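Have a look at the structure below before the remarks.
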Amino acid sequence: MKLLNLSILCTVSLLVLSGCNASAPKPADKAAVDATLPVITLTKKGIIADMKSIAFEWKSIKDPRVIGMYIYKRTPKDKDQSKLEYYDTISSRFKTHYVDTHVEPSTRYSYAFKTFSKDAEGELSPIYNVNTLPVLQSVSWIHSIAGLPRSAKIIWRPHVSERVKAYIIERKTFEDSKWKRIDEIEGRLNAEYIDADLEDNHVYLYRIRVVTFDGLISTPSQVVKVVTKSLPKSVKNIKVSKNLPKKIEISWSVNKPKDFAHFNLYRGKDIDSSFELIAQLQKSKFIDKINEDGKVYFYRVSVVDKDALESENEKKSVMGMTLKKPKAPVILESKFNGSSVFIDWNDGDHRIKEYVVVRKHKQGWFEEKIKEFKNIKHTRFIDKGLMPDSTYTYIVYGADKYGIVSNPSSEVVIITPESNKIVQAPKNQSKTTDVIQKTTTKQQSKELVQPATDLDLNEI
């Protein structure tokens, strides 16, 4: 039972009587020696050494003359290794245990004891040489798992000592000069640790120390290396259209990784603006439908694997654009001969396949009528039968084969006189004005003024 009590005291340091006590008696320089005073005798297993403490147990002192005991100690750092120096005092003869916690691991110490009475000191006990235990070794086996996405996994064999309370995880990179303590895992039976939020394709070094319940820290374990998973390779040869109506087509080439998940397609209004994710795709082609002519967007494409790692894309922005509107027709000449209007314009854009003339007829202050003349295949428009005392405004548009309508031409404004000033158009138009075509068939005239229904100008 005594030995069990001594072991408990040594392990958890519940009884610490070490260190010199200024109020306790100290041996005199020239003290009287009484050989009849009892000499301290240790029990059969009266010394237990640990890494940071040494415990002693001795037989109880029955002599009532004894007031206490002096403890003498020699350390490797003492200059005079031939003798022991006074170290501490025990002020009660009833005490039978002492624990010295001012020791270092793997170190040899020497101790001796002496009883003392009110007037004298007993003889010095035999010298006891004690070696403290070496520093606790860390775990015997440690292993790393590499190739994880922005993470590292460390596993180890739980420590055999039941004194172990926790594991200290230390990390270091090749750029670091010192090890960093990144975590402490409670519980001796724990056997793994996952380090997250790491850099991609980066090398990390790990080691483990164990911590005992009394705060002792072991030597470091073997060092293991982890390389985190690299990002997927970026896409190549991104091609973007610039001449398609109402859409932009994007395509690219890439060697898909084995754990390919999808492509991310980003779009921004400007190369330096923020980009938003507009599609997640399985194929390397996308059509961005845009209901706007000449609209410019910038695109980025990235590869995403099944671990949600995404390739770099910020450095590869490409510009795409929908087909622009055709150039607006330019009015060359407009005339009013008293009853008809003649408007001529140039064919300013080879894309234009037909023209549209929009006429606004205003009579009075408030009444206004709008009429569209579509499917015009020529660059001249003739409007007959104008009403007197009215204001007519004409605007010409061009439309390409996709139905994209150009910007408007400049306005042509005709103000007709009052009814008694309207004149009849001459029968021979070729003699009426030099801007009227010499030959205009009835069929052509009818085609020029006939409104169509298959072209929508709502976007003008």
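All values derive from a computational prediction rather than experimental measurement. Counting begins at 1 with the first residue of the sequence.
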*Atom of Val164, atom of Arg188 and distance for their closest heavy-atom approach*: O-CB, 3.6 Å
*Salt bridge check: are Asp400 and Arg351 linked by an N-O gap of less than 4.0 Å?*
yes
*With a distance cut-off below 6.0 Å to the six-membered ring centre and an angular limit of 45° from the axis, does Lys295 pair with Tyr297 as a cation-pi contact?*
yes
_Between OH on residue Tyr128 and OH on residue Tyr111, distance to nearest 0.5 Å_ = 13.5 Å
*asked:* Under a 3.5 Å distance rule, please check whether Lys316 uses its side chain to pair with a backbone N or O of Val235 as donor and acceptor.
replied: yes
*Look only at the side chain of Asp176 and the backbone of Lys178, and say whether a donor-acceptor pair between them is shorter than 3.5 Å.*
no
_Treating Thr132 as the side-chain partner and Ser106 as the backbone partner, does any N or O pair qualify as donor plus acceptor under 3.5 Å?_
yes
_N-O pairing of Glu368 and Lys360 below 4.0 Å_ = no
*Please confirm whether the backbone N or O of Pro388 pairs with a side-chain atom of Ser390, one donor and one acceptor, at under 3.5 Å?*
yes
*Is the closest side-chain heavy-atom distance between Tyr355 and Asp347 below 4.5 Å?*
yes
*Please assess Asn313 against Tyr299 for the test side-chain contact (heavy atoms from CB on, under 4.5 Å), listing each intermediate value before the final yes or no.*
CA-CA 10 Å; Asn313 59 78; Tyr299 296 89; over 6 Å; no
*Starting at CD1 of Ile168, measure out to CD1 of Ile185 and round the result to the nearest 0.5 Å.*
10.5 Å
*Can you tell me how far NZ of Lys165 sits from CD1 of Ile217, rounded to the nearest 0.5 angstrom?*
10.5 Å
_Just so I know, are the side chains of Trp156 and Ile169 near enough to count as touching, which here means a heavy-atom distance under 4.5 Å?_
yes
*Can you tell if the side chain of Phe336 reaches within under 4.5 Å of the side chain of Leu386, non-hydrogen atoms only?*
yes
*Side chains of Asn201 and Val227: does their closest heavy-atom pair fall under 4.5 Å?*
yes
*Do side-chain atoms of His159 reach the backbone of Gln137 as a donor and acceptor pair under 3.5 angstrom?*
yes
_In the structure I gave you, are the side-chain heavy atoms of Pro76 and Tyr109 within less than 4.5 Å of one another anywhere?_
yes
*Identify the heavy atoms of Tyr392 and Met387 that sit nearest to each other, and give their distance.*
OH-N, 2.8 Å
*Does a salt bridge link Glu170 with Arg181, judged by any charged N lying under 4.0 Å from a carboxylate O?*
no
*Are any of the side-chain heavy atoms of Ile382 and Lys384 separated by less than 4.5 Å?*
yes
_Pair Lys73 + Asp88: basic N to acidic O under 4.0 Å_ = no
*State, to 0.1 Å, how close Arg163 and Leu216 come at their nearest heavy-atom pair, and which atoms those are.*
NH2-CD1, 3.4 Å
*asked:* Checking side chain to side chain donor-acceptor pair (under 3.5 Å) between Arg150 and each of Asp195, Asp200, Thr228, which is the one that passes?
replied: Asp200
*asked:* Donor-acceptor pair, distance only, cut-off 3.5 Å: does the side chain of Ser253 make one with the backbone of Lys236?
replied: yes
*Should we count CG of Asp80 as having more than 12 external heavy atoms under 6.0 Å?*
yes
*Are Lys229 and Asp259 within salt-bridge range, i.e. N to O under 4.0 Å?*
yes
*Evaluate the side-chain contact (heavy atoms from CB on, under 4.5 Å) criterion for residues Lys225 and Val203: first the C-alpha distance (whole Å), next the side-chain angles of each, then the deciding distance (0.1 Å), finally the verdict.*
CA-CA 7 Å; Lys225 181 176 72 172; Val203 179; 3.6 Å; yes
_Atom of Ser311, atom of Lys233 and distance for their closest heavy-atom approach_ = CB-O, 3.8 Å
_If you count heavy atoms of other groups shown closer than 6.0 angstrom to NZ of Lys285, is the number above 12?_
no
*Start with the C-alpha gap between Tyr193 and Ile208, add the side-chain angles, then the distance that decides, and say whether side-chain contact (heavy atoms from CB on, under 4.5 Å) holds.*
CA-CA 10 Å; Tyr193 177 75; Ile208 296 175; over 6 Å; no
*Short question: side chain of Asn337, backbone of Ser340 - any donor-acceptor pair under 3.5 Å?*
yes
*Do Leu136 and Met51 come within less than 4.5 Å of each other through their side chains, counting heavy atoms only?*
yes
*Closest non-hydrogen atom pair, Leu277 against Ala279*: CD1-O, 3.5 Å
*Electrostatic pair Glu314-Arg300, nearest N-O below 4.0 angstrom*: no
*Between Val296 and Met319, is any pair of side-chain heavy atoms under 4.5 Å apart?*
yes
*Where is the tightest heavy-atom contact between Leu189 and Pro158, given as atom of each residue plus distance?*
O-CG, 3.9 Å
*Identify whether the distance between the nearest side-chain nitrogen and carboxylate oxygen of Asp214 and Lys52 falls below 4.0 Å.*
no
*May I ask you to decide whether Asp349 forms a salt bridge with Lys324, counting only side-chain N to carboxylate O separations under 4.0 Å?*
no
_Donor-acceptor contact present, side-chain Tyr402 to main-chain Lys246, <3.5 Å_ = no
*Which value, rounded to the nearest 0.5 Å, describes the distance between Ile71 atom CD1 and Glu85 atom CD?*
15.0 Å
*At what distance, to the nearest 0.5 angstrom, does CZ of Phe381 lie from CZ of Phe342?*
11.0 Å
*How about Glu175: does its CD atom have over 12 heavy atoms from other parts shown lying under 6.0 Å from it?*
yes
*Worked verdict on Ile154 versus Ile142 for side-chain contact (heavy atoms from CB on, under 4.5 Å)*: CA-CA 7 Å; Ile154 310 299; Ile142 180 174; 3.7 Å; yes
*Within a radius of less than 6.0 Å around CG of Asn129, do more than 12 heavy atoms belonging to other residues, nucleotides or ligands occur?*
yes
_Check against salt bridge (Lys or Arg N to Asp or Glu O under 4.0 Å), Glu333 and Lys335_ = CA-CA 7 Å; Glu333 191 172 23; Lys335 286 189 177 182; 3.6 Å; yes
*Give a yes or no on whether the backbone of Tyr206 and the side-chain of Trp179 come within a donor-acceptor separation of less than 3.5 Å.*
no
*Looking at OG of Ser110 and CG of Asp78, how far apart are the two atoms once the value is rounded to the nearest 0.5 Å?*
9.5 Å
*asked:* Is it the case that atom NZ in Lys172 sees more than 12 heavy atoms from other parts of the structure closer than 6.0 Å?
replied: yes
_Option among Pro232, Ser234, Ser302 that satisfies the side chain to side chain contact (heavy atoms under 4.5 Å, CB included) test with Glu312_ = Ser234
*So, the side chain of Arg74 versus the backbone of Gln81: is there a donor-acceptor pair under 3.5 Å, distance only?*
yes
